[in-house]
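Contents: one structure, followed by commentary.
Chain naming here is simple, since letters A, B, ... match the order of the sequence lines and numbering starts at 1 in each.
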2 protein chains.
Amino acid sequence: MTMSKARIVIIGCGFGGLAAAQALRSAHADIILIDRTNHHLFQPLLYQVATAALSPADSATATRAILRRQSNVTVLMGEVTGIDTMNRRIEIVGADDVPYDLLVVATGAAYSYFGHGDWAQFSHVLKTLEDAVGIRGALLGAFERAESQTDAETVGRLLTFVVVGGGPTGVELAGNIAELARSTLARDFRNINPASARVILCESGNAVLGEFPSRLSRYASSALASLGVEVRLNTTVTTIDAQGLTAGDQRIETRNIFWAAGTTARPAAQWMNLQPAQHGAISVDPRCAVIGLTDVFAVGDVASQAGASGQPLPGLAAVAKQQGAYVGKLLSARLKGKDNFPPFRYRDLGTLAVIGRARAVAHLGGVSLSGAAAWLLWSLVHLMLLVDFRSRIAVYLNWMWSWFTYGRGARLMTTAPHGSINSAERDDDKAH
Amino acid sequence: MTMSKARIVIIGCGFGGLAAAQALRSAHADIILIDRTNHHLFQPLLYQVATAALSPADSATATRAILRRQSNVTVLMGEVTGIDTMNRRIEIVGADDVPYDLLVVATGAAYSYFGHGDWAQFSHVLKTLEDAVGIRGALLGAFERAESQTDAETVGRLLTFVVVGGGPTGVELAGNIAELARSTLARDFRNINPASARVILCESGNAVLGEFPSRLSRYASSALASLGVEVRLNTTVTTIDAQGLTAGDQRIETRNIFWAAGTTARPAAQWMNLQPAQHGAISVDPRCAVIGLTDVFAVGDVASQAGASGQPLPGLAAVAKQQGAYVGKLLSARLKGKDNFPPFRYRDLGTLAVIGRARAVAHLGGVSLSGAAAWLLWSLVHLMLLVDFRSRIAVYLNWMWSWFTYGRGARLMTTAPHGSINSAERDDDKAH
């Protein structure tokens, strides 16, 4: 360290990057936080944006508004394309390189199609606000299109929704699509019956929410079934194309395919010419330092770090947040000359997953909870975790309104996914 | 009329079309309401979506949710491309023709560039939710881009915003852009000073809000000036291109151009092979019946109807709403065999325009109001006019939050207008 202020660059403003920046609040350093978007996204509620219960602004907040009072942070919106670790510079599209003394990589994960990259064009994923608004348009658009069709087979195909992957995101999406069809939209159409929509959840393993205790997995399966979701376990998807998919040995004709099956780290490992670990992640040591580099740290989904059991830590918001805060504190200490910071230890505060109205599961300190109690806990925890007061109030009121009316306040189609709703799709639909 | 139920088609679900459908609630008829979007848009608050104060869902509601309980209405989302008045059929992209016995055209207006159609690609308009989200992205994106630039001239160009047209929409936009820069964003940047942004309002006439009494016009001009808007009267825009515009005899370099200068009716007149009236509108008689056709009515901005003074009625939400409700009642009466319905009379309930925080003008029954009192009146009236309870609460709370914090709750960039924010624009920017 020279006597001048250290320049700390953080790439990514998800849970990990934001926590790192905030933990550096008292550091004598110039912190540059770079993100592709202008907002910190609260991913746990993104499925509610996708299913029309919340507006984008309820689950995302302008990053620079969050960090307004932290004067040692400069927020830059920019697309990183490379990291020159030799010369300690970050390459950004259309802007000067950003130099760093210390670097924190927190670029997160993207969905992976297990080598079938072409499936991406035929299915939706749920990672960004744009994804959520796109899914909302696809869901609502399917019902709109069906209302003006007369052929029963076409209507059936339009109202078939397939979610691939039975982890928390897949379960949340499937449960909420079923509720959207059976409750919110039930009385809004004249020609179709929205409640006749089929919602199918395909999971290649032998349980949904496989990381939860088996009692909770079974609860989730039966809760999904009671919402009208067809849960198909041990069912691998082998084809996805423009007309549908093959799940197990069955062909399903639909364009409403939602992929929640596998993730891969963003390409930060390549940027730094590192041999990627599992899922493309960056291997880090117990202090979150990138193995093989100096003064570079990685946190969250982009990092692969062994937990207490020796297994890699899971890709959870809680892990990212704790790692981010840890690295922030470690760097603060280091700037003060303290070098022997204790290694990171993940504190498992429990896991929660929600299925639908008054249906959720929670696993906390060895205790399993399911049903309304778990759902209430889920709601309270997520309200508390929202970063800003305004979102908390907005989300709370939207939830109250939805609870009492079964309505969803954000039933807007503002993008036309897969082209215009009125394109030649209908002729296509008729062709098979 | 045959003995079977009459089939009434309404095209367009703005203020006019929705009012017509609702006024037909007791009619023994099959009503088909066709719109290109899935929502009724409350246009008077659209500028607040564009300037990040409200979310799209706060100013728009799913049309079929509004009409859920009115069982004689079927809502269809579809893009109309033609009207066959001979065979009484509506042509819709990708769906069967929709036949009608009685037709109400309520397709509204679009922005017109006075013969300079190519200007559209270089400027933003504010008519749809997509427009509003696009403007929001352009406004916020300009500040984001500027933050990572070092050249003062480039920063100056990025932070120059020009609104063309000094009517209510132009005044609202200019005032709110200035407030966004000077209040909301003031403390959020480290490299630029958002308050240094230039906001220029160009009006070709000799007053802003020219349809208001001159005292109110003058108030609006000085209120805009106090917010930091440069108001240029008697200034005609003669060129718009990718790098800027020429206003009067001055060249202004900017990509942030917002067009609010002239409107034209949607192409419904052409669909029916009618000679269009002023601004492409459809001439209607005092009963809103389209001149030259039978059983076809037109209301709102697409219709040209003489008012009591002989002048065409203005393109106001109030006119559309009253005409729509009138035609709904006229058709209800006609279905009951009453044919001599009295002609339409517009009741002028007054006009309001808002400039910014605690700054508005109102002209009601010959009384002129300006300042905080007009602003409070504007707020109350617009809260009451929102169609659904949920939006009313959401808008009220957002306003309260903004009032006390000067914040704006929807500071999200979810589309990248004019391509990605990180495209090669910066090199361009440097080129002059």
At a heavy-atom separation under 4.5 Å, does [X] approach chain B through its side chain, its backbone, both, or neither?
X        : result
A:Ala410 : both
A:Thr184 : backbone
A:Thr74  : both
A:Leu397 : side chain

For the student: nearest non-hydrogen atoms of A:Ala57 and B:Gly409, plus distance: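 Closest approach of A:Ala57 to B:Gly409, heavy atoms only: CB-O, 3.5 Å.
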Worked verdict on A:Leu76 versus B:Glu147 for side-chain contact (heavy atoms from CB on, under 4.5 Å): CA-CA 7 Å; A:Leu76 290 184; B:Glu147 178 77 343; 3.8 Å; yes
Hey, is the main chain of [Y] close enough, under 3.5 Å, to the side chain of [X] for a donor-acceptor pair?
X        : Y        : result
A:Asn38  : B:Met413 : yes
A:Arg68  : B:Asp188 : no
A:Arg411 : B:Ala62  : no

Spacing of OG belonging to A:Ser148 relative to CD1 belonging to B:Ile92, to within rounding of 0.5 Å: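 If we round to the nearest 0.5 Å, A:Ser148:OG and B:Ile92:CD1 are 7.5 Å apart.
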Interatomic spacing from CZ in B:Arg187 to OG in A:Ser71 - rounded to 0.5 Å: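 That separation rounds to 12.5 Å.
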Residues in residues 39-49 of chain A that sit under 4.5 Å from chain B, counting heavy atoms only: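 The residues closer than 4.5 Å to chain B, in numerical order, are A:His39.
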side-chain contact (heavy atoms from CB on, under 4.5 Å) between A:Arg64 and B:Glu144, worked out: CA-CA 10 Å; A:Arg64 52 179 81 257; B:Glu144 293 293 339; 2.8 Å; yes
Segment of B:Ala394 engaging chain A (4.5 angstrom heavy-atom cut-off):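 Neither; nothing under 4.5 Å.
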B:Arg190 portion near chain A, given a 4.5 angstrom heavy-atom threshold: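 For B:Arg190, the contact with chain A is made by the side chain alone.
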Chain A interface, residue from B:Thr405, B:Val73, B:Leu185, B:Asp58 that has the most non-hydrogen pairs under 4.5 Å: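 Between B:Thr405, B:Val73, B:Leu185, B:Asp58, the count favours B:Val73.
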